[in-house]
Amino acid sequence: MAEDRIAASLDAHPKVERIDKIRKRTLGNVRLRHLDTNEIILIPTPSSDPNDPLNWPQWYKYYIATVVCLAMMMCNFLAAGPSIDIVSTTMDFFPGANPRTDPLYFADAVAKVSYFFTSTALLQGVGNFFWVPVANKYGRRPTYVFSYLIYTASAIWLCFERSYSGFLAGRIIMGFGAGAAETVAPITIADIFFLHERGTVMALYTSFLAVGVALGIVISGLITIGHEWRVIYQVAAALVGFVLLLAFFAFPETAYIREKLQSDDESAEAGQADSEKDVITTSDVERVAGSKPGLMRESYLRSLKLFRQALTTESFLKLVVRPLGLICLPPVLWAALVEAATIGFLVAVTSNVAVAFQEMYGFEAWQVGLCFIGAIIGSIVGIPAGGHLGDKVADWFTRRNNGVRDPEMRLPAMIPCLIATPLSLILYGVGIEHKLHWICPTIGIALLNFATVQGTNLCLVYVIDAYRPIAGEVTLAVMGFKSMFGFLLSFYTNTWVSQSGYQNAYGVMAAISAALILLSVPLYFWGKRIRHVTWQWRVISCVHWNDDREVGE
């Protein structure tokens, strides 16, 4: 790794311009607009191979994004949905538990049944320390297929399991298989979309992350009107099985090995030999290179191959260990904390909402589920607020910087999340505590889902832009930390609320979330310097990537 150094930061002044396309380890500092014409430059630069995912038709890219979003939605559908009927589930596994005749025993039984959901949430995060290295080493397609195979098999198993220990084991295995799509999805999106498109598409990803929870709760609640809670697993097993069929028969491999980039010394020699090549020309702007003679798009049958050549020479162990080092980088740690403060507090709400609404408003499970229609609406509104708005804000700052893009240019778009997150938690906590109209905490749930989609998308795209060659490990560091935090919150939320009350507990959550999101302000002003300085820390040298991980950004 003798050449493992950071590329010099681009200057917005044209006299300092060099060959932007062949710089290595740019940490997200790229020229996105042509200096003379101001047209968008395609980042990364597509190859002349028709099998390059960047060259695929736009409709096909959005089809792949749709499949990814379905997989993302289903990974949370069964993970959280059945919790809406935790009372019936408890009375089924512990026949003597009844909230009216023996409230103490019932409370103890509910705590044991909650392990079904907390353990699944934990394994969804921890399991990705295996799935993401597999995706980076051997491809996205086998990761989706094998993880969903485990997910489908465990969902079918849970339809018939009657013992507590067996059901808990099934939920743990289910969590291991279900979590892969959550972390591999951002890598897939980065594989097929250009830098200037990524924010909008990533917003779909984060919205389906939240919609999966809300839709699972709504549908699960409706199922309980005329059926027992086990029917939820039967419906979910069919839906998960459908996604598995899509992954196997209609989802291609999106990882692509690009030509090895020139080293800095080689590029300098090339620049001296032909100075005209040192300038980005208009032909590089908003175009896809024509296919070379002899290159053919692979057949459908060949595209069904699960295993191809290894994508990197990096060891599997290094791919596993790297996320542990990445969490030490301030931008990655900040993104992880924001994810934890939004998604984690959303988990706290969903783990408590059935008990709260039943206690304060006398709602049945299906009525509580219908309240999450507001969560779906909030998630949908968050798509343009977290995607298109982020892209537009970043592009506006890029234009002001003479076409040079830095990842921090997305961060001013965090303002809606800064307002909505603490407000939503206050509305929920105060509304429940003072028994305000049920619409008050319901609006809080809707706002929290909006903030989750809007804010988590921006911070995740921010760190992916900064460390694109290792997008998988970055996403794993962020999502893994979030899952562990969510596990702890869901484990202790009911105890916290019972001791402090709804208003105080969720008021503290509101203050924590506001403080963490406010850290985007110093990151906007000094984030570029922080990224370059921290990348040279000795402890971070273990996470530096090989040249074969470069993706042309």
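Keep in mind that the numbers below use all heavy atoms, side chains included, and drop hydrogens, waters and symmetry copies.
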Next on the checklist: To check you understand the geometry: which heavy-atom pair defines the closest contact between T342 and A451, and what is its length?
Outcome noted: CG2-O, 4.5 Å
Next on the checklist: Just checking F251 against Y148, ring centres under 6.0 Å apart?
Outcome noted: no
Checklist entry - Short question: side chain of E253, backbone of S303 - any donor-acceptor pair under 3.5 Å? => result no
Checklist outcome for this item: Residues passing the ring-ring contact (aromatic ring centres under 6.0 Å, His included) test with F345, sequence neighbours excluded, are none
Checklist outcome for this item: Between L458 and G390 the two heavy atoms that sit nearest each other are CD2-CA, 3.7 Å
Next on the checklist: Go through it in stages, so that I can follow the logic: the residues are M72 and Y205, the test is side-chain contact (heavy atoms from CB on, under 4.5 Å), and I'd like the CA-CA distance, side-chain angles, deciding distance and then a yes or no.
Outcome noted: CA-CA 7 Å; M72 181 68 245; Y205 155 78; 3.2 Å; yes
Checklist outcome for this item: When every non-hydrogen atom of A65 is compared with those of V201, the smallest separation belongs to CB-CG1, 4.1 Å
Next on the checklist: Quick one, R405 with D395, criterion side-chain contact (heavy atoms from CB on, under 4.5 Å). Give me CA distance, side-chain angles, the key distance, then yes/no.
Outcome noted: CA-CA 8 Å; R405 166 70 64 86; D395 192 49; 4.2 Å; yes
Next on the checklist: For L54, is there any backbone N or O sitting under 3.5 Å from a side-chain donor or acceptor partner on Y256?
Outcome noted: no
Checklist entry - Ring centroid separation for F176 and W131, is it under 6.0 angstrom? => result yes
Item to check | Working for ring pair (Phe, Tyr, Trp, His ring centres under 6.0 Å), residues Y62 and F193 | outcome: CA-CA 9 Å; Y62 277 99; F193 288 98; 5.3 Å; yes
Checklist outcome for this item: Rounded to the nearest 0.5 Å, the CD atom of E39 sits from the CD1 atom of I41 at a distance of 9.5 Å
Next on the checklist: Tell me whether the count of non-hydrogen atoms from other residues, nucleotides or ligands lying under 6.0 Å of CZ in F242 goes above 12.
Outcome noted: no
Next on the checklist: I want to check something: taking the side chain as every heavy atom from C-beta on, are F117 and P82 in contact at a cut-off of under 4.5 Å?
Outcome noted: yes
Checklist entry - Taking side chain as C-beta onward, heavy atoms only, is V543 less than 4.5 Å from Y467? => result no
Item to check | Contact check, side chains of V67 and Y144, non-hydrogen atoms, under 4.5 Å | outcome: no
Next on the checklist: Closer than 3.5 angstrom, by distance alone: can the side chain of N449 be matched with the main-chain N or O of I445 as a donor-acceptor pair?
Outcome noted: yes
Checklist outcome for this item: Tightest non-hydrogen contact, residues A236 and M74, listed as O-CE, 4.3 Å
Item to check | Any donor-acceptor pair under 3.5 Å from D52 side chain to S47 backbone | outcome: yes
Next on the checklist: Working to the nearest 0.5 angstrom, can you tell me the gap between I232 CD1 and I84 CD1?
Outcome noted: 9.0 Å
Next on the checklist: Please enumerate all residues that pass ring-ring contact (aromatic ring centres under 6.0 Å, His included) together with F316, with sequence neighbours excluded.
Outcome noted: none
Checklist entry - Distance-only, no hydrogens or angles: does the N128 side chain make a donor-acceptor pair with backbone N or O of G480 under 3.5 Å? => result no
Checklist entry - Does K137 reach the main-chain N or O of A310 with its side chain, forming a donor-acceptor pair under 3.5 Å? => result no
Item to check | From CG (L195) to CZ (R198), nearest 0.5 Å | outcome: 5.0 Å
Checklist entry - Do any N or O atoms from the side chain of R322 and from the backbone of P133 form a donor-acceptor pair under 3.5 angstrom? => result no
Checklist entry - Is the shortest heavy-atom distance from the side chain of M409 to the side chain of N401 under 4.5 Å? => result yes
Item to check | Donor-acceptor contact present, side-chain E339 to main-chain F481, <3.5 Å | outcome: no
Checklist entry - Do I187 and I464 have side-chain heavy atoms sitting under 4.5 Å apart? => result no
Item to check | Donor-acceptor under 3.5 Å (R141 side chain, F248 main chain) | outcome: yes
Checklist entry - Which pair of heavy atoms, one from G386 and one from A203, lies closest together, and at what distance? => result C-CB, 4.1 Å
Checklist outcome for this item: For S207 and V453, the nearest pair of non-hydrogen atoms, with its separation, is CA-CG2, 3.4 Å
Next on the checklist: Just so I know, are the side chains of D465 and R410 near enough to count as touching, which here means a heavy-atom distance under 4.5 Å?
Outcome noted: yes
Checklist outcome for this item: CG (L448) and OG (S513) are apart, to the nearest 0.5 Å, by 8.5 Å
Next on the checklist: For the CZ atom of F129 and the CG atom of L324, what is their distance to the nearest 0.5 Å?
Outcome noted: 5.0 Å
Next on the checklist: List the residues meeting ring-ring contact (aromatic ring centres under 6.0 Å, His included) with W157, not counting sequence neighbours, and say none if there are none.
Outcome noted: none
Item to check | Heavy-atom side-chain proximity of M73 to L215 below 4.5 angstrom | outcome: yes
Checklist entry - Can you find a heavy atom in the side chain of Y138 that is under 4.5 Å from one in the side chain of L306? => result no
Checklist entry - Atom CG of L418 and atom CD1 of I517: how far apart are they, to the nearest 0.5 Å? => result 6.0 Å
Item to check | Criterion side-chain contact (heavy atoms from CB on, under 4.5 Å) on L78 and Y151, from CA distance to verdict | outcome: CA-CA 10 Å; L78 194 52; Y151 190 6; 3.4 Å; yes
Next on the checklist: Does N136 form a side chain to side chain donor-acceptor pair (under 3.5 Å) with E473? I'd like the steps, not just the answer.
Outcome noted: CA-CA 9 Å; N136 286 328; E473 293 96 320; 3.1 Å; yes
Next on the checklist: So does I415 get a backbone contact from the side chain of Q454, meaning a donor-acceptor N/O pair under 3.5 Å?
Outcome noted: no
Item to check | side-chain contact (heavy atoms from CB on, under 4.5 Å) between V132 and T475, worked out | outcome: CA-CA 9 Å; V132 170; T475 306; over 6 Å; no
Item to check | Aromatic centroids of Y524 and Y462 separated by under 6.0 Å | outcome: no
